[in-house]
Amino acid sequence: MNLAWKEMKRNKVRFIIVGSIVFLISFLTLIISGLANGLSQDNAALIRNLPNGQFYMTEKAEGSFNMSQIPQNIQDDLLQQHDNAVALSISMGFLNDIEEQQHGVAFTTATSSNLFPEIAQGEVVLDQSLQAKGVNIGDRLVSNQLNGELTVKGFVEEQKYSHAPVAFISQQDYQEMYRTNTMQLIFIPNSEVLVIDGLQAFTAKALLQSIPSYKAEQMSLNMIVSFLIIISGMLFAIFFYMMNVQKIGLYGILKAIGLKTVKLFQLIWTQMLVITIIALAFAIALSQAFVLLAPSEMPFHLSITTTLQLAGIFLVIGFIGATLSGLQIKQIEPLQAIQRGDG
């Protein structure tokens, strides 16, 4: 431990440079991860906010719930057999306010359930993002798909679908707008997969993958995060490898006086931990400050859990990179190393 500290003090410029690079990579990774989670929430909060359970759509829909039409008899049976089951439908559309400003929304209707707000015919409950655009409780909104008006009953938090605010409406209004009497999905919370003739089961994660924009966004951003983590591991491996090459003579002397190889590995691990922990501390503090300062319109969500998970991954990757760079230490023969160092 003392040896590691002494070396870091003696070569502090080198360690500050590598620490700065680790800080920048980890900070960038946290920011991109926050954007990925934020976009995921903005794209599918309506589905993600539901408890664990199973979604069911017709097999003929082939994984696209927009094409699903649950038969009424099957819907009635499932809702009767499972107390918390709910049937729902989601379709994109538009609402116009009194100033004739158009708002893209995801119209959503559901059977009676504590998972969704109760809506009477002629009423609508909106995601709170529309409140920031001037829509208020009691306002009357119109849609070219509906003959009557919709009165704003209230607002809910974090209910988005396909990057559009959700508009909860009654089944009667939904049926008039989309000329259908059937529901697209049945959701049974806290349930194992049931074998139901004509229906196919999906977890929330699998259902989200059927949304093209969701899958493409998450794949791209997660790939960037993965590459940044791999780059950080390579950085540690290359940095400590170059340091070890320069210190072969020193390691030879230390081995000659009886210092075990494991002690030399501990020296590298200590230095890696110090650099990584300090860099991560600054990166986490700055990323959490960014959470507070980011504009409300920006889809950014970085939880403490995600932050700690990424920090743990960085520590593991750093440990692996530093260890791989130190494998050459095992091969060092004291006499040859001293002669090479002198040469």
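One-based numbering along the sequence shown. Predicted model only: the values in this text are computed from it and were never measured.
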Of all the heavy-atom pairs spanning R140 and I98, show the shortest one and how long it is.
-> O-CG2, 3.7 Å

For residues 268-294, pull every pair meeting ring-ring contact (aromatic ring centres under 6.0 Å, His included), keeping only residues two or more places apart or in separate chains.
-> F265-W269, W269-F319, F290-F300

Exercise answer: donor-acceptor pairs, residues 304-311 side-chain atoms, under 3.5 Å, sequence neighbours excluded:
residue, atom, partner, partner atom, Å
T306, OG1, S303, OG, 2.9
T307, OG1, Q288, NE2, 3.3
T307, OG1, S303, O, 2.9

Donor-acceptor contacts under 3.5 Å from residues 75-93 side chains, at least two apart:
residue, atom, partner, partner atom, Å
D76, OD1, Q72, NE2, 3.0
S89, OG, Q184, N, 2.9
S91, OG, Y174, OH, 2.6

Separation of M234 CE from F227 CZ (nearest 0.5 Å) = 10.5 Å

Would you say Y178 has more than 12 foreign heavy atoms packed within less than 6.0 Å of its OH?
-> yes

Considering only heavy atoms from C-beta outward, does the side chain of H103 approach that of V135 to under 4.5 Å?
-> yes

Mind checking the CG-CG spacing from L24 to L286? Nearest 0.5 Å is all I need.
-> 10.0 Å

Side chain proximity check, V124 to T151, heavy atoms < 4.5 angstrom | no

Looking at CD1 of I224 and CD1 of I32, how far apart are the two atoms once the value is rounded to the nearest 0.5 Å?
-> 5.0 Å

Has the side chain of S287 got a donor or acceptor atom that lies under 3.5 Å from a matching backbone atom of I284?
-> yes

All heavy atoms of Q41 vs all of N49, minimum pair found to be NE2-OD1, 3.2 Å

Results of salt bridge (Lys or Arg N to Asp or Glu O under 4.0 Å) for E118 - residues two or more places apart only = none

Sequence-distant partners of S40, side-chain hydrogen bond (donor to acceptor under 3.5 Å, both in side chains), two or more places apart | R48, Y214

Sequence neighbours excluded, every pair satisfying side chain to side chain donor-acceptor pair (under 3.5 Å) that has a member inside residues 24-36 = none

Is the closest side-chain heavy-atom distance between F187 and L115 below 4.5 Å?
-> yes

